[in-house]
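What follows is one structure encoded as structure tokens, with my remarks underneath.
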Amino acid sequence: MGEALPRFEEILDLVASYHPECDEDLLRHAYVYSAMAHRGQVRVSGEPYLVHPLEVARILAEMHLDEVAIAAGLLHDLLEDTFVTEDELEAQFGVQITSIVKALTKITTMEQSYAAREAAQAENVRRMLLASVEDVRVILVKLADRLHNMRTLRVLPEANRRRIARETLEIYAPIAHRLGIGRIKAELEDLAFAHSNPQEHAQLVEQLQQREAAARALIEEIREMLGRVLEENGIKAEIRGRIKHLYSIWAKLKRQGISLDRVYDFLAFRIVVATVQQCYGVLGLIHQLWHPVPGRIKDYIAMPKPNAYQSLHTSVMGPQGQPFEVQIRTFDMDQIAESGIAAHWMYKTGRAVEAEQERANWLRGLVDGQQENPRDFLDSLKLDLYPEEVYTFSPKGEVFAFPRGATAIDFAYRVHTEVGHRCVGVRINGRLVPLRTHLENGDIVEIMTSPTQVPSRDWLDIAATARAKNKIRAWFNRGEKEQAVELGQRLLERECRRLRIPVKRLRDASQLTKMAREHGFAKGDDFLAAVGMGRLGARDVLLPLSKRPDELHPPPSKASPAVVTESVVTVKGQRDLLTFRARCCNPLPGDDICGYITRGRGVAIHTTRCHNLRRLQAAGDRLVKVEWGPTEGGTYAVPLNVSFDDRPGMLAAITQAVTAQEANIRSCQMTTRDGRRGAADLIVDIRGREHLGQVFGALRQLAGVTSVASGPSAFSRRSQF
Ligand code: MN
């Protein structure tokens with residue numbers, strides 16, 4: 001243990017500095033246990049193996065993590081590389097630490113052929129993300145493990161170095177970025193860059209060295225100016241100037257295809273202040289001092305990145321006309337920017353809980369629906385993990401963040417899987433554009449859908465996010481039959497809505513089976529598939545069930561004496577058919593009439609002049625010829641409405657006039673308004689058209705009556721008493 005113990009004591013001191021009450025016994029126990037188990041093992045470099053878990057623990061302590069994470073770091077290789085068993089580990093350290101170590105052990109890098117290795121790698125990442133959804137410390141320990149391995153990578157053969165470096169760039173650095181752990185991301189990138197691309201790395205280092213002295217002088221000059229202005233304005237701030245990390249400079253050179261001579265903004269400044277208000281104040285002061293570069297001001301305070309990063313960014317033209325970048329943030333924001341999700345596991349911090357939740361959601365989103373080909377998964381992971389984001393809005397103002405390169409299809413699938421599947425077009429900022437259109441910052445995106453739309457294989461090329469690709473693939477993987485079933489269901493539902501048939505009839509299994517049998521199918525799904533494949537027309541299937549024309553004949557209700565069911569009409573050629581007089585036209589003996597066969601409520605009798613009947617003629621085969629039966633002694637309830645100028649005794653005058661015509665009054669309701677105008681709704685037994693004419697005539701002769709009509713008045717319907 002020779003040189004290891006002092007290292008461990010350093011780590012303990014470091015933990016005690018931010019977490020004075022930490023469980024030192026637990027850490028000592030983990031250290032001693034790890035030292036015993038790894039005894040005699042050496043790394044490729046010839047160092048004792050124990051150095052590795054110790055350095056991993058140190059990285060975790062530098063992230064200010066709790067003792068569980070640090071102990072897990074000390075123990076992380078035990079199950080994989082020593083004879084210690086899960087049971088022993090659990091007996092010594094409990095379930096929590098053991099489950100973190102177990103999860104880490106499942107994430108192993110295998111020495112295999114390239115193709116097999118890639119598949120295994122994807123599977124590893126998936127396991128890691130899954131485990132991290134349960135306990136984010138798994139991924140934090142894994143990142144610390146990877147960081148120390150990268151720091152000591154030079155001892156490995158070149159082929160291995162390149163492979164591990166590439167894996168770091170493609171997977172671990174983006175994960176660190178997405179989790180908001182800026183510090184680890186930058187170091188992983190620089191180390192991976194050095195090993196995966198040694199020539200270009202060396203070249204860039206040399207170029208930067210040539211400019212370093214000048215850059216340092218410039219940083220000092222700018223720092224002084226900034227410090228002076230902030231002091232004059234009474235703002236206490238921490239000002240840091242730095243040369244950006246190598247990989248980000250190199251990535252920018254690559255992206256923009258320019259040489260280092262033109263990349264002046266490899267200088268970056270960070271101003272950390274106490275309050276959000278001061279952040280905006282500082283931004284204003286900087287813009288007074290130097291001209292801002294248009295289009296480079298970004299407000300991640302108002303609109304945090306998905307990894308919870310918050311800051312104001314601006315680029316300005318510096319004292320010698322060279323642009324440089326400034327980030328302005330509060331101390332809290334700075335901690336989140338450096339530590340990201342780890343902030344949640346830091347000792348003494350309740351912050352970032354929401355942000356942690358968001359990241360957990362993001363992890364879940366990556367892992368969900370990943371049953372198929374691990375290679376597809378890795379591809380989509382790489383895409384999703386690429387850092388740059390664009391922010392877009394729904395028409396309702398919801399914000400959706402996407403990786404740069406995402407298209408309208410991605411947006412549709414983000415809103416909802418079904419919106420994605422049915423998406424037919426998109427309006428961006430009010431303009432119709434193709435689905436493959438790339439999303440830009442600030443776009444307002446409105447997706448148009450159609451119930452008959454289905455995903456197209458082209459969409460796999462258009463979609464850029466893992467989520468959309470997974471959903472599209474899942475749709476195709478379900479097979480033609482299922483697609484046809486789904487489409488059939490949709491087509492029928494749409495037709496139901498048109499014909500106003502309750503959609504639940506399609507969703508009820510027994511009703512669906514019944515419908516299927518009527519069309520010669522044993523199962524509901526076969527029937528739906530036939531519709532989906534176009535062998536049966538949705539409209540043809542549903543039209544016979546349509547209730548639409550019947551809506552004109554609501555079932556008679558007791559509260560509505562205007563409709564009386566009576567079988568005094570005979571239907572030609574048929575007997576014993578229930579008939580009733582339609583309330584729209586109230587046919588009476590003497591009127592020319594026509595019957596309409598309703599569903600389940602008998603034959604509705606309309607006058608041939610009725611405008612509703614004309615609409616019903618569209619349903620041709622359900623109209624039947626009818627004629628009046630024997631009328632002796634028969635009467636029909638007819639609603640009458642009488643309007644009048646109100647005067648005392650009006651009700652008596654009306655009832656007298658009606659009964660004088662030998663018509664029985666079944667009911668009568670009076671309504672008056674302002675004490676001047678009134679209306680009476682009566683139900684009167686009438687023998688026929690001629691008799692009705694006599695009653696009408698008698699009422700019209702009454703002094704003060706302004707109108708007589710059959711049917712209730714709208715006036716009285718509003719205010720009955
Ligand atoms: Mn390790």
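Both counts, for ligands and for their atoms, begin at 1 and track the order of listing. We count residues from 1, following the sequence as given.
Residues that satisfy the side-chain contact (heavy atoms from CB on, under 4.5 Å) test with A214, not counting sequence neighbours, are absent from this structure.
At distances below 3.5 Å, at least one donor-acceptor pair connects side-chain atoms of Y18 with backbone N or O atoms of L65.
No side-chain donor from either of Q209 and R211 sits under 3.5 Å from a side-chain acceptor of the other. In summary, the side chains of H313 and E325 do not present any donor paired with an acceptor at a separation below 3.5 Å, with no hydrogens or angles considered.
The cationic atom of R457 (NZ for Lys, CZ for Arg) lies less than 6.0 Å from the six-membered ring centre of F476 and within 45° of the ring axis.
Near the Mn ion (ligand 1), less than 2.8 Å away, sit the protein N, O or S atoms H52 NE2, H76 NE2, D77 OD2, D145 OD1.
Checked for salt-bridge contact, E238 and R270 miss the test: no charged N lies under 4.0 Å from a carboxylate O.
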